[in-house]
Amino acid sequence: MATAENGSSEPKFRWIGTRPVRPDGVDKVRGRANYGADHALPGMLWGKVLRSPYAHARIVSIDTSGALAMEGVHAVVTAEDLPEIAPEESKIGEGPTNYRDLSRNVMARDKVLYHGHAVAAVAASSPAVADRALAHIEVEYEVLPHVLDGDDAQSPDAPLLHDDLYTKGVEPAPERPSNVASRVEMGRGDPERGLAAADFVVERSFRTKAVHQGYIEPHAVVATCGEDGRATVWASSQGHFMIRAYCAKLLGMEQSQIKVVPAEIGGGFGGKTTVYLEPLAIVLSSKSGRPVKMVMSREEVFRATGPASATRIELRMGCTRDGRITGAHARLEYEAGAFPGSPVGAAVMTLFAPYDIDARAEGYDIVVNKPKVAAYRAPGAPMAAFAVESVVDELAAKCGIDPIEFRLNNASKEGVQSTFGPKFKRIGNVETLEAARAHPHWKAPLAPNQGRGVASGFWFNGGMQSSATVQVADDGTVCVVSGNPDIGGSRASLAMMAAEEFGIDIERVDPQIADTSSVGYNDLTGGSRVTFATGMAVVEACRDAVRQLRERAAAIWGVEIDGVEWADGEARPTKGGGELEPLTLRDIALKAARTGGPITGRASLTARGVGMAFGVHICDVEVDPETGKVDVVRYTAVQDAGRAIHPSYVEGQMQGGVAQGVGWALNEEYLYDDDGRMENPGFLDYRVPVASDLPMIDTVIVEVPNPGHPYGVRGVGEVPIVPPIPAVANAVASATGIRMTELPLSPPRVLAAIDESRG
Amino acid sequence: MARRHVSTTINGEAVDFLCEPHQTLLDALRDELQLTGTKEGCGTGDCGACSVVFDGRLCCSCLILAPEAEGAEVETVEGIATGGELHPLQRHFLEEAALQCGICTPGFLVAAKALLDSNPDPSETEVRFALAGNLCRCTGYDKIIRAVLDSAAELRGEA
């Protein structure tokens with residue numbers, strides 16, 4: 001857990017870079033913190049969802065009378081109870097979302113498009129009664145042929161999910177609908193010329209399966225909706241303002257009619273950036289006149305909430321004998337699930353970011369009869385990195401060049417034209433590669449059957465809108481109010497920045513996350529943006545409050561504000577300002593009533609100056625040649641954090657990203673039967689890594705401060721899931737001599753490859 | 001369906017509750033007794049978020065029927081701290097940032113305490129296998145394992 005310092009004139013901080021206990025910590029180790037399913041209200045009913053038993057079918061009729069006649073059943077909802085929504089692109093979620101599709105994903109209308117698609121919901125006096133009521137809803141289906149695979153979906157005779165879906169982004173516009181929702185293309189230079197001039201060209205096809213974010217907390221909500229049409233929603237999500245906006249849109253309500261109170265969130269990783277239950281709970285409450293609680297089962301989470309896309313990527317990349325990449329071309333096909341909107345656009349953009357090369361990529365967004373994908377940590381990037389970093393590894397080997405040296409030879413850096421448009425600003429790509437090369441892990445000996453892999457990863461990081469308020473109490477303590485659910489320690493980092501700005505002890509800062517009616521608008525917790533963008537809002541709000549504190553001190557002293565400076569939690573006269581005694585934050589706060597009233601700092605902003613970030617991971621595996629089982633035996637993650645506000649939580653993001661990426665590489669996959677039913681919708685058969693599957697995960701935080709943030713923050717949550725898949729695959733290739741191009745690298749698949757290579 | 005009366009002991013305190021015969025202990029703790037520190041992550045005994053100690057044995061409370069608690073002794077996350085003092089495990093989890101979202105934390109604390117009560121000096125491998133029934137999706141387990149090992153050392157008087 002080393003920190004590689006960069007630059008010589010490091011500013012000295014009191015709190016930034018230290019490791020205080022998080023302010024919300026005690027409640028979380030005592031079992032007192034309230035997560036989505038922990039809220040309850042008097043007279044509350046329990047809501048449950050009836051889900052489609054078919055992957056693709058027309059809904060002929062729904063008869064809810066049997067359920068409604070049951071004792072204890074208070075309301076039933078179908079698509080008939082929701083307004084029909086016109087197509088309109090949402091601007092606020094993570095990844096492309098169309099409100100018409102979102103509405104039809106929340107509740108099927110006319111057709112069901114995947115096994116598990118919601119068709120009706122009930123509210124009843126207990127979960128057991130609600131479950132029984134679902135069995136009394138009669139749905140008549142006309143079963144349609146389904147398509148589960150992106151390849152099959154593109155065939156001319158494939159069943160169509162949407163008969164009004166025409167591929168966007170192709171010229172001329174297609175005359176017939178298809179399952180290909182869109183095509184995007186992007187690049188730099190003339191890669192074909194470079195490929196033709198290459199000494200070595202590697203061409204590979206890669207496949208990855210759908211995987212789930214796997215947050216431990218299932219989706220949960222409690223909603224009340226009164227006779228006045230006003231609703232209050234308690235929910236666990238990555239953005240309560242997102243829930244308010246989506247529910248208003250889908251239900252034809254005004255945003256002022258809905259208040260959303262954020263619960264603690266039990267993991268999201270991008271998967272809680274949309275709505276599933278919330279609109280249904282509001283309508284059930286409205287129809288029953290009672291509060292309604294809805295909690296998904298784990299099986300529902302798997303069957304009906306967003307996995308990450310299954311993908312197929314074809315990649316050609318060439319280089320000269322001395323290790324200079326001359327060109328690359330990629331074709332990416334990403335499954336979107338039942339509605340358009342895979343992260344293939346982001347994949348096309350991130351794919352070649354670590355390299356200063358001429359390259360082009362074309363991406364296809366394909367609908368299939370599987371649940372609509374949702375964002376998953378650096379959406380789209382890990383699968384693309386699997387392809388690029390595997391091929392880079394092969395090219396380095398062909399040249400006989402150390403794979404880190406090879407990456408350094410081709411590394412993008414400040415001023416380089418990216419393949420996605422802008423020139424890179426100050427980035428830490430080279431610094432992370434150098435830190436990885438210098439780490440003892442890189443040169444450590446390997447045992448028999450072991451291999452080592454290295455891989456780079458990139459993520460843009462997000463800015464977007466944030467608001468914060470800072471209230472100074474008359475005892476000189478400070479309440480910092482913001483509006484992003486704290487998914488992994490952001491209260492701590494926001495409180496630390498506030499303590500730094502005021503120059504006070506962190507114990508005197510109370511960071512709170514307010515509901516949608518109690519703080520200015522905040523975009524959701526996603527894109528690794530909270531410590532960066534909401535942190536920027538908190539810093540601005542603190543500076544606003546400090547300016548007011550200086551004004552008050554100036555008024556008390558009878559001087560101009562320029563005669564007052566702020567340091568270490570007190571107002572001091574500037575040099576030459578005479579013998580005035582400093583006024584502490586508490587001194588000034590106590591006099592606030594007589595000097596102009598309460599001191600409240602505010603900031604609302606769209607954060608600019610996002611710091612893009614890179615990581616390099618080194619992975620050692622041991623492959624059992626008899627069983628094909630792959631064990632990760634050593635792992636080191638290097639990442640440019642810009643500046644680590646709370647290094648423990650930066651390390652935690654890196655370690656967590658590694659664990660998810662290792663699971664994705666080795667075990668996790670959605671398995672479907674021929675009828676389109678997921679065969680492994682539980683943690684027994686969908687195997688995420690457990691403690692005994694992993695070693696300690698060493699971390700190196702590189703700090704190349706982002707000039708666009710007051711403390712240099714870049715955002716750390718997403719980069720670390722990008723390199724693990726290729727780092728593992730490259731390590732397996734090093735251990736076995738076999739290049740695996742299809743995930744997961746599960747024992748049967750690895751064993752089959754070993755057997756095949758033995759002949 | 002008639003509700004069943006259950007008399008049990010939770011965190012050393014005698015407790016009565018009414019439940020439906022098919023209700024799980026987890027649901028009874030959460031919905032009848034408002035002890036919501038015990039979490040549900042799967043309902044099938046695969047994630048460990050609902051870990052409790054039941055008559056001295058570490059169990060998933062989602063796999064126990066509530067009426068089975070009759071006459072039993074149940075320990076939950078709410079009982080780990082005593083007299084306003086955090087247990088060393090709770091303190092080390094906080095000091096070493098062994099939680100991110102925190103939803104799995106109650107289950108890990110219950111399982112880790114059960115481990116240290118029976119094995120005060122576990123190796124890293126023993127800790128990893130003892131906690132293999134508890135899923136964490138945020139931390140990669142590194143800081144959890146360190147916090148448990150450091151708690152064990154403190155409880156042995158070595159730290």
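Owing to the predicted nature of the structure, the values given are computational and were not obtained by experimental measurement. Chain letters run A, B, ... following the sequence lines, proteins first and then strands; every chain starts at 1.
Separating the OG1 atom in B:T44 from the CZ atom in A:F683 is a distance of 8.5 Å, to the nearest 0.5 Å. In this structure, the separation between CG on B:D46 and CZ on A:R687 is 11.0 Å, given to the nearest 0.5 Å. Atom CH2 in A:W46 sits 4.0 Å away from atom CG in B:D31 (nearest 0.5 Å). Here the OH-SG distance, from A:Y686 to B:C42, works out to 15.0 Å after rounding to the nearest 0.5 Å.
Contact annotation: the side chain of A:D38 approaches that of B:K39 to within less than 4.5 Å [non-hydrogen atoms, C-beta and beyond]. Inter-residue side-chain proximity for B:E96 and A:S648 is flagged as unmet; no heavy-atom pair is nearer than 4.5 Å. Residues B:E124 and A:P695 fail the side-chain proximity criterion, which asks for heavy atoms closer than 4.5 Å. B:E40 is not listed as a side-chain neighbour of A:R298, based on a closest heavy-atom distance of 4.5 Å or more. Side-chain contact check for A:Y215 versus B:C138: every heavy-atom pair is 4.5 Å or farther apart.
Using a 4.5 Å cut-off between heavy atoms, A:V26 touches chain B through backbone and side chain atoms alike. Residue A:E299 does not touch chain B at all, counting heavy-atom pairs closer than 4.5 Å. At a 4.5 Å heavy-atom cutoff, the contact between A:A33 and chain B is made by backbone atoms alone. Residue contact with chain A, scored on non-hydrogen atoms closer than 4.5 Å, involves the side chain of B:F93 exclusively. Proximity to chain B involves both the backbone and the side chain of A:V688, based on heavy atoms less than 4.5 angstrom apart. When heavy atoms are compared at a cutoff of 4.5 Å, A:S490 does not approach chain B at all. At a 4.5 Å heavy-atom cutoff, the contact between A:F269 and chain B is made by side-chain atoms alone.
A salt bridge is absent between B:R128 and A:D693: the closest approach of a Lys/Arg side-chain nitrogen to an acidic carboxylate oxygen does not fall below 4.0 angstrom.
Side-chain atoms of B:Q100 come within 3.5 Å of backbone atoms of A:G652 as a donor-acceptor pair (strictly under, hydrogens ignored). Remark: side-chain polar atoms of A:R22 are not paired, donor with acceptor, to backbone N or O of B:L94 under 3.5 angstrom. In terms of modelled atom types and a separation under 3.5 Å, the side chain of B:Y141 and the main chain of A:G656 share no donor-acceptor contact. Between the side chain of A:R30 and the main chain of B:G79, no donor-acceptor pair closer than 3.5 Å is present. Checking side-chain atoms of B:D142 against main-chain N and O of A:M696 turns up no donor-acceptor pair under 3.5 Å. No donor-acceptor pair under 3.5 Å is formed between the side chain of A:R32 and the backbone N or O of B:E78.
Contact record, A:K28 with B:L99: CB-CD1, 3.6 Å, taken as the closest heavy-atom pair. In terms of heavy atoms, B:I145 sits closest to A:A691 at CD1-CB, 4.2 Å.
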Verdict with reasoning, B:C101 to A:E217, per side chain to side chain contact (heavy atoms under 4.5 Å, CB included)
CA-CA 9 Å; B:C101 82; A:E217 179 203 36; over 6 Å; no
Could you check B:R137 against A:I216 for side chain to side chain contact (heavy atoms under 4.5 Å, CB included), going step by step and ending with a plain yes or no?
CA-CA 7 Å; B:R137 194 63 162 168; A:I216 306 301; 4.2 Å; yes
For B:K143 and A:E651, what are the C-alpha separation, side-chain angles and deciding distance, and is it a salt bridge (Lys or Arg N to Asp or Glu O under 4.0 Å)?
CA-CA 9 Å; B:K143 294 184 191 303; A:E651 293 158 5; 2.6 Å; yes
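Annotation for A:E71: atom CD does not count as buried by contact number, only 12 or fewer foreign heavy atoms lying within 6.0 Å.
Of the residues considered (B:I144, B:L135, B:L109, B:L131), B:L135 shows the highest number of contacts with chain A, using heavy-atom pairs under 4.5 Å. Highest contact tally toward chain B, considering only A:S692, A:G31, A:G25, A:G266, is held by A:S692 [criterion: heavy-atom pairs under 4.5 Å].
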